[in-house]
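This report concerns only the one structure given below.
In what follows, chains carry the letters A, B, and so on, assigned in the order in which the sequence lines appear, proteins first and then strands, with residues in each chain numbered from 1.
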Amino acid sequence: MSNYKLKNIREAYKNKILSKKVYQLERKLIPLLKEMEQIGIKLDFSLLRALSKKLNARLRELENRIYKVAGVKFNISSSQQLSEILFKKLGIFAAGLKKTSSGTISTAASELLKIKNKHKIINLVLEYRELAKLKNTYLDTLPKLADPQTHRVHTTYHQLGTMTGRLSSSGPNLQNIPIHGEWGREIRKAFIAENGYKLLSADYSQIELRVVACLAKDKKMLEAFRENQDIHKITAAEVNNLPLIKITPEMRYQAKALNFGVIYGMSVVGFAQAARISNEKAKEFIQEYKKDFFGIAEYVERIKEKARKRGYVETVLKRRRYLPQITSSDFRFRQASERMAINMPVQGTAADIMKVAMIRARYKLKKAKTKTRILLQVHDELVLEAKNNEAEKTAEIIRDAMENVLEDPIFKEVKPIFQIPLKVDIKMGDNWGTCQNYPK
DNA sequence: TGCTTCACG
DNA sequence: ACGTACGTGAAGCAA
C-alpha cells in the first residue's frame, strides 16, 4: 500500500498514542523519510569484498586453532555445541556464569570475558564471533541488498516501530552499522559519497542527558551543560568528591556508566556490570549520585508516581507510552515498567527533537537552493550528502537547523523546560569512516 | 518459529 | 530468591 504509513499514524492518533502536535509532526516526516529511502547511500563494493576476504582468512585460521585446542571439530556458531565443548569437554570452571532460559550455560561475550584467563580457547572464540558477525551481517550481506547499477543501498524506516518514538530501520538496518573496534571503522569506510559529493555527519552531543537534565531541572547537571563541560568527568568528580584534575580514565568510565544508568532506569546490578565493579561499590556510588544530583533522583520518583497514577508516560510533545504492568503484583514486571517509565520520556523527547530537526533541515537546505540530500538518521545523528562546493554551506545550515530546533513553533509552549543549549558536532569527508571534524 | 547472540544509539 | 540496566533488527542454530 502506498499510504500505509499514514494509516498507521492516524491509527496511533486515534488511540491517543500521539498528541495532535506529534501526529502532525509524523505526517510531515513521511515524505522526507520516503526521499531518504529512495536516495539510499552508496557502497564501495570492492572495499567490502576486500575486507570480507581478509576476515575470511583470519576466520579460517581461528577455526583451525579452535578445533586444535578443543581436540574436535564442531560448529563454533552453535552456542549449544560451544557450551558443551567449553564447560563439559574442556571442563572450564563455570560457577557464577549465567544460564540460558533453556538450561545450557551462556556463551555470551559478557560471560566469556569473565573466564578469558581460564583457557586460551576463550579469546579465540571471542574473536571468531566478532569477525563472523561482521562478515555475515555486513560485509557479505550489504552488497547483495544494494542496487547493482548504482551501488546504493536503500533502507526502510519505520516511524512507529518503537515504543519510545524513535525510528527504526530495516532491510537492511542502517542504524547498526559497526563503528567500534578495529574493523568497525573499516566497514564504515565502505559507505561513500557520490562522485563530486562529500558526506556530512551531524550528531547531537549528549542529547539524552541534556534532555533528562531539563526534565529533572537538576541544578548541577544543567550547570555542567551550560558551561559546556565534560559531563562524565564532572559526574566522576562529584561522586568521588575529587577535583577534576584528579579524575582517572577508570573513574570517568564508571561515571559514564552511572549517567547511562540514569537514562535506563538504574539498577544496582545493571550498573555494577556496566561499570565492572562489585554490587556493594555500585550501591555506594548510586547513593552518592542521588545526593549530588538530587534533581535527578527526585525526577525518577516523580515519573514513577505519575506512571502509576495515569497508566502512561509521555514526551514533552505528548507522545505516549502506556505501561499497564506498572501496577502488576509481580515486582519484576513492575520494576521493568518503572525503568520504561524513566527511560521513555527521555529517549522519546530526544527522538521528537531529532524528527523536528530533520524537517527543519530539509526545509532550510531546499530554501538555500542546495542540492544536499539527507541520507540516514541514526537516532542522534544525521548523515547527509552535499555537493563538494556546497559542503561548508550545508554544514552551517545543518548546524543551525539542529542546534536551534527548539525555536520551532512546535516547542513554543514547552520552550521554558529547555534551559540549556543543544550542541551539534559535524564531520565531513569522502566516506562515513574517515570524516574529519568541521570546523577543524 | 523461538532462542541466543550481537551490531548500533 | 529471584534476574535486571533502555530502545531496536538480523543472522544462525535447533527443533
B/dG9 phosphate, OP1 or OP2, under 4.0 Å from A/His180 side-chain N/O: yes
Nucleotide nearest A/Asn173 when distance is taken to its side chain, options C/dG12, B/dA7, C/dG9: C/dG9
Residues A/Lys217, A/Glu298: salt bridge by 4.0 Å N-O rule: no
Length of the CZ-P vector between A/Phe74 and C/dA14, whole Å: 12 Å
Phosphate OP1/OP2 of C/dC6 contacted by A/Arg339 side-chain N/O (<4.0 Å): yes
Main-chain N/O of A/Pro421 paired to A/Arg210 side chain as donor or acceptor, under 3.5 Å: yes
Side-chain N or O of A/Asn136 closer than 4.0 Å to phosphate OP1/OP2 of C/dG12: yes
Sugar-phosphate, base or nothing in reach of A/Met344, heavy atoms under 4.0 Å: nothing
Residue-phosphate contact under 4.0 Å: A/Ser106 side-chain N/O, B/dT5 OP1/OP2: yes
Short side-chain N/O contact to C/dG9 OP1/OP2 from A/Ser168, under 4.0 Å: yes
d(CD, A/Gln273; P, C/dG3) in whole Å: 14 Å
Distance, rounded to the nearest Å, where A/Met340 contributes CE and C/dC6 contributes C1': 9 Å
Nucleotide B/dG9, atom C1' - distance to OH of A/Tyr157 in whole Å: 13 Å
Selection from C/dG7, C/dA10, B/dG9 that lies nearest to any side-chain heavy atom of A/Met163: C/dG7
Per A/Asn343 side chain, nearest of listed nucleotides C/dC6, C/dC13, C/dT8: C/dC6
Candidates C/dC6, B/dC6, C/dA11 - which lies nearest the side chain of A/Tyr264: C/dC6
Residue-phosphate contact under 4.0 Å: A/Ser170 side-chain N/O, C/dT8 OP1/OP2: no
N or O in side chain of A/Asn75 less than 4.0 angstrom from C/dC13 OP1/OP2: yes
Rounded P spacing from B/dC3 to C/dT4 in Å: 15 Å
Salt bridge present between A/Glu127 and A/Arg65 (N-O < 4.0 angstrom): no
Contact under 4.0 Å: A/Ser267 side-chain N or O vs C/dG3 OP1/OP2: no
Nearest-nucleotide pick for A/Met266, side chain only, options being C/dC6, C/dA5, C/dG3: C/dA5
Sole residue of A/Ile303, A/Ile263, A/Val313 in side chain to side chain contact (heavy atoms under 4.5 Å, CB included) with A/Asn343: A/Ile263
Check ion pair A/Glu35-A/Arg362 (N to O, under 4.0 angstrom): yes
Sugar-phosphate, base or nothing in reach of A/Val378, heavy atoms under 4.0 Å: sugar-phosphate
Sugar-phosphate only, base, or nothing, as touched by A/Ile263 at under 4.0 Å among non-hydrogen atoms: nothing
Pairwise P distance for C/dG3 and B/dT4, with rounding to whole Å: 13 Å
Which nucleotide in B/dA7, C/dA11, B/dT5 has an atom nearest any side-chain atom of A/Leu134: B/dA7
Sugar-phosphate, base or nothing in reach of A/Ala108, heavy atoms under 4.0 Å: sugar-phosphate
Sugar-phosphate only, base, or nothing, as touched by A/Ile342 at under 4.0 Å among non-hydrogen atoms: nothing
Touch class at under 4.0 angstrom, heavy-atom based, for A/Gly184 against every strand present: nothing
Distance, rounded to the nearest Å, where A/His158 contributes NE2 and C/dA10 contributes C1': 12 Å
Given C/dT4, C/dA11, B/dT5, the nucleotide with the shortest approach to the side chain of A/Thr137: C/dA11
Sugar-phosphate only, base, or nothing, as touched by A/Ala257 at under 4.0 Å among non-hydrogen atoms: base
Pairing partner of C/dA1 (Watson-Crick or G-U wobble, both distances under 3.5 Å): none
Closest to side chain of A/Phe260, choosing from C/dC13, C/dG9, C/dA5: C/dA5
Side-chain N,O (A/Arg321) to OP1/OP2 (C/dG7) below 4.0 Å: yes
side-chain N/O A/Gln81 vs C/dA14 OP1/OP2, d < 4.0 Å: yes
Carboxylate-amine/guanidinium proximity below 4.0 Å for A/Glu385 and A/Arg152: yes
Touch class at under 4.0 angstrom, heavy-atom based, for A/Gln335 against every strand present: base
Steps toward side chain to side chain contact (heavy atoms under 4.5 Å, CB included) verdict (A/Leu422, A/Met402): CA-CA 8 Å; A/Leu422 296 175; A/Met402 288 172 74; over 6 Å; no
Euclidean distance, atom CG of residue A/Leu142 to atom P of C/dA10 [Å, nearest integer]: 11 Å
A/Leu86 side chain near A/Leu112 side chain, heavy-atom distance below 4.5 Å: yes
A/Leu376 CG - B/dG9 C1' separation (whole Å): 14 Å
Nearest-Å distance for atom pair CZ/C1', residues A/Arg334 and C/dC2: 14 Å
Minimum-distance nucleotide (side-chain atoms of A/His379 versus C/dA5, B/dG9, B/dT4): B/dG9
Residue A/Thr164, side-chain heavy atoms: nucleotide from C/dG7, B/dC8, C/dC13 that is nearest: C/dG7
